[in-house]
There are 2 protein chains.
Amino acid sequence: MPKRVGPRRPTQVEIAQRAGVSQATVSLVLSERDGAPVSEETRRRVQQAIEDLGYAVNPAARALRGMTVKTIGLYTFESVFPVDQRDFYHPFLVGVEEEAARLGYDLLLFTSANTAQRGVYAKGRNALLKSDGCVLLGRHISRDDLANLAKEGFPFVFIGRRDIEGAELSYVAPDYVAPTAALVEELAALGHRRVLLLRQSDGAEPGEDRELGFRQGARAAGLAPDDLLVEYSGGAGDIGADRVTGWVRDGVTAVLVEPSEDNATGVALAEVAEAAGVRIPDDLSVAFLGSAPAPTATRIWTSFEIPRVEIGRAAVRLLVNLLEGAEEPPLQLLVPCIDVRGNSISRVVRR
Amino acid sequence: MPKRVGPRRPTQVEIAQRAGVSQATVSLVLSERDGAPVSEETRRRVQQAIEDLGYAVNPAARALRGMTVKTIGLYTFESVFPVDQRDFYHPFLVGVEEEAARLGYDLLLFTSANTAQRGVYAKGRNALLKSDGCVLLGRHISRDDLANLAKEGFPFVFIGRRDIEGAELSYVAPDYVAPTAALVEELAALGHRRVLLLRQSDGAEPGEDRELGFRQGARAAGLAPDDLLVEYSGGAGDIGADRVTGWVRDGVTAVLVEPSEDNATGVALAEVAEAAGVRIPDDLSVAFLGSAPAPTATRIWTSFEIPRVEIGRAAVRLLVNLLEGAEEPPLQLLVPCIDVRGNSISRVVRR
DNA sequence: CCAGGTGACTAATACGTAACGACTGCGGGC
DNA sequence: GCCCGCAGTCGTTACGTATTAGTCACCTGG
């Protein structure tokens, strides 16, 4: 790693010489604290020298003294950084940026880390140290990385709920339990008795929470445990015509889908159902436990939206609370989702 | 600015103690340079200690020693940061991010600086020092800031061509001259003799370049200097029906529009022309010297597109060349634009 | 006249790293 | 037998800052 080029820039020592004071006094003037015991005359001379020489404080030296550097890191476990608007995670980035700016922090995007494909602890180990603290993102997390970070005491906030054995971590996440339970109760009220939950096969906490809400809602609505079905999908390819018609033949009248980021599963389900002659919602009610495929002229999917921008903002707020010493980790926050009333569920027709 | 919290992390000294060597040797092992004279046995012991204690190099200390920290800054003179997809500058951000990631640099967004509304030299003066070098962006530049940065020898690349008196700066910019000249020649070939250039009233270099191309193209096509008109627009409100009909009455058959970021001028022109009964292109040919308003079912504006993502990439490449010592500033690059063949210009009808 | 206090300033130090120059064996050339 | 060069290692220093523990002159009340 080469030396930095260009002319050296002035230091506090040079300011001090020009103003005829000591370096310590320059530092005092710069820190501008209320009770700083420095005479008006001295302060003026120092500030004049700063002006003349164009002095700028050296952030590296500050950081080495253990000061914070007013920088929040953003790291994603996904393979690309969510600057592209089509990315599922893009709204989180927007929220994080907004709130960081509002609170006077710069935002460091750890773009190099994921290309190195070694995760947080790449190369020189723990690239995140360039920031005061970090917002972490993405579905394909490395649990080891999270555990290590927590053990090291590095300040970070994860977006999404995750349980790590032996370490409690700070996170802000959407509340999937409540709206899922509400949807099940609504379906029950519409006459549905046999309901299927189609989970992502990654077995992550968001899926667990949806299943928890699924069972809570069913219990509250008095559905029989035997009529609660749970299946898994590894992606669009897992949804075939025989599978969908099989559900209907089996007496299932409603399917709750845990969406993937790209919603390929959801799109596939819609296409396959149409091709197989299964009408939505007449033959099968379908709802998404999260972001649904884009609405069309005739179809608005019943679902709920994750307030992604707001979650990004909240993550930064939490992190800054940690950094500025007001709170102790873990700090955890659940954010309510927003119901989307669609036309993809309906009252069940008895035959 | 408060002290950083949390437990201290291990240093090279502690690694050294555990491995039974000196701190200098640890540093040698870590630098991993080809000709590093350290025995295999020692290297192994040191690496074991690093593993055991979970050592991570301290970026602040490195930076203080004058090393680069593999971080590229991005600063915008606009009031908001272009994370929002609707922002004119968003594609630049995408390109910058891509290339930074590819070259192994992290990307530091100076979001706090613009809220402080004091520019580059806010607060502690020159926030950009947190990065090795910086990509600068935005139309509403501060010429003082640019001049100061150049004088200080801070490595940066501006996106867009700018001339600063007494300082040559590095930039990458779209070539407005060539495509503008080509458009004028095309119009002349279609029989146009009296052509108007409608400039943004900020008088910045992009406008100058367009006017240069305007005159070059006219000369090449043999148009009379008296038939070259130049007017200015301060925004959508400046475009009234009387102004547009005035052009036509004055014998103008074609208008070249320098677009603003939000293209409000262009949209206004289209609406006003239609309301005033001036048909495009039959009564008046219109072309945009840059990004045009969005196309509709019946209208594709003749214009040329700025390859914004590619420009973002190129800016990072230039900057990294500067940082890694291969080149000396100023480094300047013009990127060709992409013609958009529309239906908003046509052969002039003699009456 | 002195103890104690206060306001204004400074010397010294620590932060963790990279690099330079020195030091030690040791084998080889003369 | 002596010196040279080399591989391998270490001691020391510098980077620029914030802070601690002073120093010093001057004042104030007794």
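We use all heavy atoms of the structure for the numbers below, so side chains are in, but hydrogens, waters and symmetry mates are not. Everything numeric in this text was worked out from a predicted model, so none of it was measured. Chain letters run A, B, ... following the sequence lines, proteins first and then strands; every chain starts at 1.
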Filtered N/O pairs between nucleotides 10-17 of chain D and protein, under 3.5 Å:
from	atom 1	to	atom 2	distance (Å)
D:dC10	OP2	B:Ser22	N	2.9
D:dC10	OP2	B:Ser22	OG	3.3
D:dC10	OP2	B:Thr25	OG1	2.6
D:dA14	N3	B:Arg65	NH1	3.4
D:dG16	OP1	A:Arg8	NH1	3.2
D:dT17	OP1	A:Tyr55	OH	2.2
D:dT17	OP1	A:Asn58	N	3.4
D:dT17	OP2	A:Gln12	N	2.7

What orientation do A:Phe92 and A:Tyr89 show, parallel under 30°, tilted 30 to 60°, or perpendicular over 60°? tilted
Any sub-3.5 Å donor-acceptor pair from [X]'s side-chain atoms to [Y]'s backbone N or O?
{"X": "B:Arg161", "Y": "B:Ala173", "answer": "no"}
{"X": "B:Glu97", "Y": "A:Thr111", "answer": "no"}
{"X": "B:Ser39", "Y": "B:Thr42", "answer": "yes"}

All N/O contacts under 3.5 Å from nucleotides 25-28 of chain C to the protein, with atom names and distances to one decimal?
none

To the nearest angstrom, how far is [X] atom [atom1] from [N] atom [atom2]?
{"X": "B:Leu30", "N": "C:dA19", "atom1": "CG", "atom2": "C1'", "value": "14 Å"}
{"X": "A:Arg43", "N": "C:dG7", "atom1": "CZ", "atom2": "C1'", "value": "13 Å"}
{"X": "A:Glu41", "N": "C:dA8", "atom1": "CD", "atom2": "P", "value": "12 Å"}

I would like to know whether A:Phe156 and A:Leu169 meet side chain to side chain contact (heavy atoms under 4.5 Å, CB included); could you show each step before the answer? CA-CA 8 Å; A:Phe156 72 95; A:Leu169 39 87; 4.1 Å; yes
With a 4.5 Å limit on heavy-atom distance, are the side chains of B:Leu333 and B:Tyr171 in contact? no
Presence of A:Ser39 side-chain N/O under 4.0 Å of C:dC9 phosphate oxygens OP1/OP2: yes
For B:Asp52, enumerate each residue passing the salt bridge (charged side-chain N to carboxylate O under 4.0 Å, His left out) test, keeping only those at least two apart in sequence or located in another chain. B:Arg18
Looking at CG of B:Asp87 and CG of B:Leu93, how far apart are the two atoms once the value is rounded to the nearest 0.5 Å? 9.0 Å
